[in-house]
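Presented below is the structure to which this report refers.
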Amino acid sequence: MDKIRFYPLDITYKVINNKPVIHLFGKTADNKQVCVLYDDFEPYFYVIPKKGSDINNDLKNFETKRNDETISITKTETVKKRYLGNEIDAIKVFVKLPSHIPVLREELKNWNSIESINENDILFVRRFMIDNNIVPLTLYEAEGEFITQKLKVPAFKTKKIEPFESDTAIKPRILSFDIETYTPGYREIEPEKNPIIMIAFYAEDVAEENLQPGVSPKPFKKVFVWKRFKTNLDYVEFVESEAELIEKFKEVIGTYKPDILTGYFSDGFDLPYIKSRADKYKIKLDLGLDFSELKVKKGINVTAQITGITHLDIFKFIRKIMAGTLDTNQYNLNAVASEMLDEKKHDVDLDELSEAWDKEVESMDKFCEYNLNDARLSYKLAAKLMPTIREIVKITSLTIYDVNRMGFSQLVEWYLLKQAPQFNQIAPNKPSNDELIKRRAIRIKGAFVFEPKAGLYNNMVIFDYRSLYPTIIGSHNISPGTLNCSCCEGEAKSAPVENENIWFCEKRKGFIPTIIEDLITRRMRIKEIVKDQTDEKFAILDARQNTLKLLANSFYGYLGFYAARWYSLNSAEATTAYGRHYIKDVMNKAQNSGFRVIYGDTDSIMITLDEKTKEDAIKFSEKINQELPGLMELEFDGFYPSGIFVSAKMSDFGAKKRYALISENGVIIIKGFESVRRNTSLIAKETQEKVFEIILKEKDNEKAVQYVKRVVDDLRNKRVPLDKVIISIQLQKELSEYDARGPHVAVAQKLKNRGINVGPGSAIRFVVTMGNDIIRNRSKLPEEIKEHEYDSDYYINNQVIPSVERIFNVLGHTKQDLTEAKEQTKLEGFF
DNA sequence: GGCTCCCGGGG
DNA sequence: GTGTACGGGAGCC
């Protein structure tokens with residue numbers, strides 16, 4: 001018997017000799033790749049029989065056929081469980097193979113003696129991980145022996161896997177890559193038609209064995225191109241053909257042996273593109289450590305998976321998990337790298353790449369540099385986010401691959417599924433399709449917002465309830481399992497939900513409230529340790545407390561999320577209802593204590609001190625806290641010398657909160673302004689940016705008005721060049737498939753009539769020209785009109801003004817102020 | 001006002 | 001693979 005210690009990274013299973021064998025791909029403690037095999041885990045699910053019916057024998061004797069295979073139940077166990085607040089007898093039903101479970105479910109669901117079938121859709125590997133407490137990225141010890149298997153890494157067969165030390169850190173080997181493709185201007189990206197031109201690789205962690213004493217490791221940099229040109233870039237390597245380029249791609253991954261392969265939008269672009277090119281040349285992309293091929297799953301969410309190697313699409317992680325913590329509203333590599341790394345993409349016109357490629361222009365250096373830089377930025381982002389990813393992995397016990405592709409609701413659900421067995425809970429099922437449609441249609445009453453009066457304020461203090469919804473859920477025992485319990489009927493206090501009498505159990509703490517309070521207190525403990533520490537070694541703890549917070553904050557949304565297993569509309573309603581109660585309560589009390597309340601929203605209030613002092617405000621919050629239940633707490637968020645509120649009511653969709661504040665140390669904080677979308681003209685984008693700059697930095701409102709007026713005036717007098725009024729919209733399907741004919745569809749039809757090949761993906765650029773017709777009939781190709789033919793009024797009223805209108809409403813200017821002729825011109829008459 | 005469509009990321 | 005899932009804004013009808 002041998003013993004090895006290893007960190008699981010990617011876990012899968014295979015049926016070998018009619019037995020499911022778990023494969024745990026990972027790294028040994030001394031940094032070697034390994035695959036640990038375990039074949040002692042049996043698939044199972046739960047059956048909840050109707051009260052009074054004994055179906056154990058029926059189950060044991062049951063048999064069905066699928067093709068030629070006989071499917072039966074290998075054994076059953078009667079277990080005492082809790083299911084949505086009730087104690088029940090359930091039957092744990094074991095089968096031979098995971099794939100037998102859906103077959104049995106379909107058969108059993110027709111049995112009259114069965115109340116419900118549960119946990120029949122929990123993937124085998126996840127079930128194994130939950131039941132055996134496997135947490136990726138933490139150290140385990142396995143006992144067994146090395147055996148021969150058809151794998152690229154040594155295989156170790158074990159009967160026993162146990163946690164070793166949880167705190168040792170593994171440093172995964174990350175390799176980043178990026179491709180550039182041949183994409184002539186105007187056309188869509190077409191993997192079937194157009195080749196990959198180059199592939200860049202970048203990595204910084206160099207294998208221990210390659211390190212030389214005293215020499216600092218150089219990053220691994222490569223750009224492979226399949227046409228020759230003169231270059232001095234030492235990382236550029238030429239190959240003879242695109243097919244050879246793809247072979248190189250395989251070779252680098254094979255020799256570098258990354259634990260994590262990362263890219264930016266590589267789920268949706270790079271890997272599917274490489275796959276479709278490889279298919280064309282009949283090249284097998286057998287990158288998996290078990291020699292399996294790269295799996296590209298099409299559909300609404302394209303994913304690309306390699307067995308044994310974690311494919312991390314860092315874009316997906318950033319958009320799903322980090323979006324809320326970033327200022328940027330755009331998640332392209334340039335915007336994200338600018339904010340997170342303070343670095344930019346190289347400024348290169350990619351249309352020229354295809355031209356250069358066609359004409360075999362002397363040097364392609366700048367494109368190679370651009371390509372490598374993109375790979376480098378993705379690497380840096382992945383490296384920077386590793387602590388966060390690692391903590392989410394450790395808290396949820398999901399692999400990096402899975403965490404990467406989940407949103408908050410799924411993370412909450414998997415966290416609950418992981419906790420459920422420890423609390424002896426059987427998980428509720430996912431909703432049926434009909435149920436899903438019903439749930440989707442419902443909207444619940446949200447938070448209370450006390451709208452601020454637009455304008456300028458001084459000496460402001462902000463208070464907020466720390467983790468308001470999570471603490472409400474915990475303190476008021478809100479969950480589907482405690483909702484309207486029979487044990488407290490008529491005795492428990494009603495939740496403040498309007499027009500409904502609902503209550504939550506006051507005798508027994510529910511599953512979800514217990515879990516959420518655990519998350520909150522764990523976070524509080526860590527925060528206490530991290531407090532005021534700036535040392536590097538506290539970064540991990542900081543990432544951990546942040547993850548705990550994000551997770552706890554997602555529970556409310558989860559309870560009201562239509563696809564949730566523990567969905568409970570009443571619980572979600574009660575949470576916001578209590579939220580409204582508490583925020584209104586603190587507003588009243590602030591007013592009664594002599595503060596002026598200027599703004600309140602969900603969990604925070606803003607007051608002005610006027611004659612009172614900061615100390616008075618702090619004393620006030622202390623008094624509030626004495627009366628709050630459980631873990632609820634009102635915090636002093638900060639003091640702000642001044643700020644501007646922007647009128648929020650523009651759209652009918654819930655009031656957005658828009659304001660700008662200046663903190664005591666002069667930092668400007670802007671909240672709530674949406675980005676300008678791609679399908680708006682450049683002139684609208686530019687104007688909004690400039691207005692922000694003038695108002696916030698130069699504090700010169702009049703100058704901002706004048707600036708917009710000048711733009712409006714320039715538009716009226718056609719001084720704005722044509723390229724700033726072009727709107728670009730992509731075709732999503734074939735022209736014939738369109739029912740609604742938007743402007744871009746009309747323009748595309750004209751192109752088609754002229755014999756130009758337009759189809760899905762074609763970016764249709766158009767300019768709205770003058771006239772009284774509807775917009776699509778006035779939309780023309782930029783090429784077919786003259787500089788001055790665009791419709792100034794359209795660009796003023798539908799593009800530029802909407803982008804700045806809200807800002808100016810605050811400053812007391814109407815739309816007319818911005819659009820009427822420039823003041824100077826009017827005044828000129830007086831002098 | 002509802003319905004339908006587009007967008008994102010990537011070259 | 002014991003499947004697995006967007007969400008918000010704009011313009012037509």
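In what follows, chains carry the letters A, B, and so on, assigned in the order in which the sequence lines appear, proteins first and then strands, with residues in each chain numbered from 1.
- A:Leu381 places its CG atom 13 Å from the C1' atom of B:dG9, with the value rounded to the nearest Å.
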Throw together a table of side-chain donor-acceptor distances under 3.5 angstrom for residues 299-308 of chain A, partners on residues two or more places apart or in other chains.
unit_1, atom_1, unit_2, atom_2, d
A:Thr307, OG1, A:Ser292, OG, 3.2
A:Thr307, OG1, A:Lys295, NZ, 3.2

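- Heavy atoms of A:Tyr264 sit under 4.0 angstrom from primed sugar atoms or phosphate atoms, though from no base atom.
- Under the side-chain contact (heavy atoms from CB on, under 4.5 Å) test applied with A:Ile179, the options A:Asp270, A:Ile197, A:Leu245 reduce to a single match, A:Asp270.
- For A:Tyr567 and C:dA5, the shortest distance from a side-chain N or O to OP1 or OP2 is not below 4.0 Å.
- Using a 4.0 Å heavy-atom distance criterion, A:Leu104 is classed as making no nucleic acid contact.
- For the atom pair CG of A:Leu175 and OG of A:Ser378, the computed distance is 11.0 Å after rounding to the nearest 0.5 Å.
- Atom CG of A:Asp347 is surrounded by 12 or fewer heavy atoms from other residues, nucleotides or ligands within 6.0 Å.
- At a non-hydrogen distance threshold of 4.0 Å, A:Tyr370, A:Asp374 from residues 364-377 of chain A come into contact with DNA chain B.
- Residues passing the ring-ring contact (aromatic ring centres under 6.0 Å, His included) test with A:Phe128 are A:Tyr38, A:Phe41, sequence neighbours excluded.
- Among the atoms of the strands shown, none is found under 4.0 Å from any heavy atom of A:Phe45.
- In the interface, the side chain of A:Asp267 is not paired with the base of B:dG9 through any donor and acceptor atom under 3.5 Å apart.
- In summary, the side chains of A:Ser681 and A:Gln799 do present a donor paired with an acceptor at a separation below 3.5 Å, with no hydrogens or angles considered.
- To the nearest angstrom, C1' of C:dA10 lies 10 Å from CD1 of A:Ile775.
- Between A:Tyr13 and C:dT2 there is a side-chain polar atom (N or O) within less than 4.0 angstrom of OP1 or OP2.
- Contacts of A:Arg319 with the nucleic acid, taken as non-hydrogen atoms under 4.0 Å apart, include base atoms.
- Put simply, OH on A:Tyr795 is 16 Å from P on C:dA10, counting in whole angstrom units.
- Atoms CZ (A:Phe41) and P (C:dT2) sit 12 Å apart, rounded to a whole Å.
- Close to C:dA5, at under 4.0 Å from its OP1 or OP2, lies no side-chain N or O of A:Lys320.
- Within 4.0 Å (heavy atoms only), A:Phe408 reaches no atom of the nucleic acid at all.
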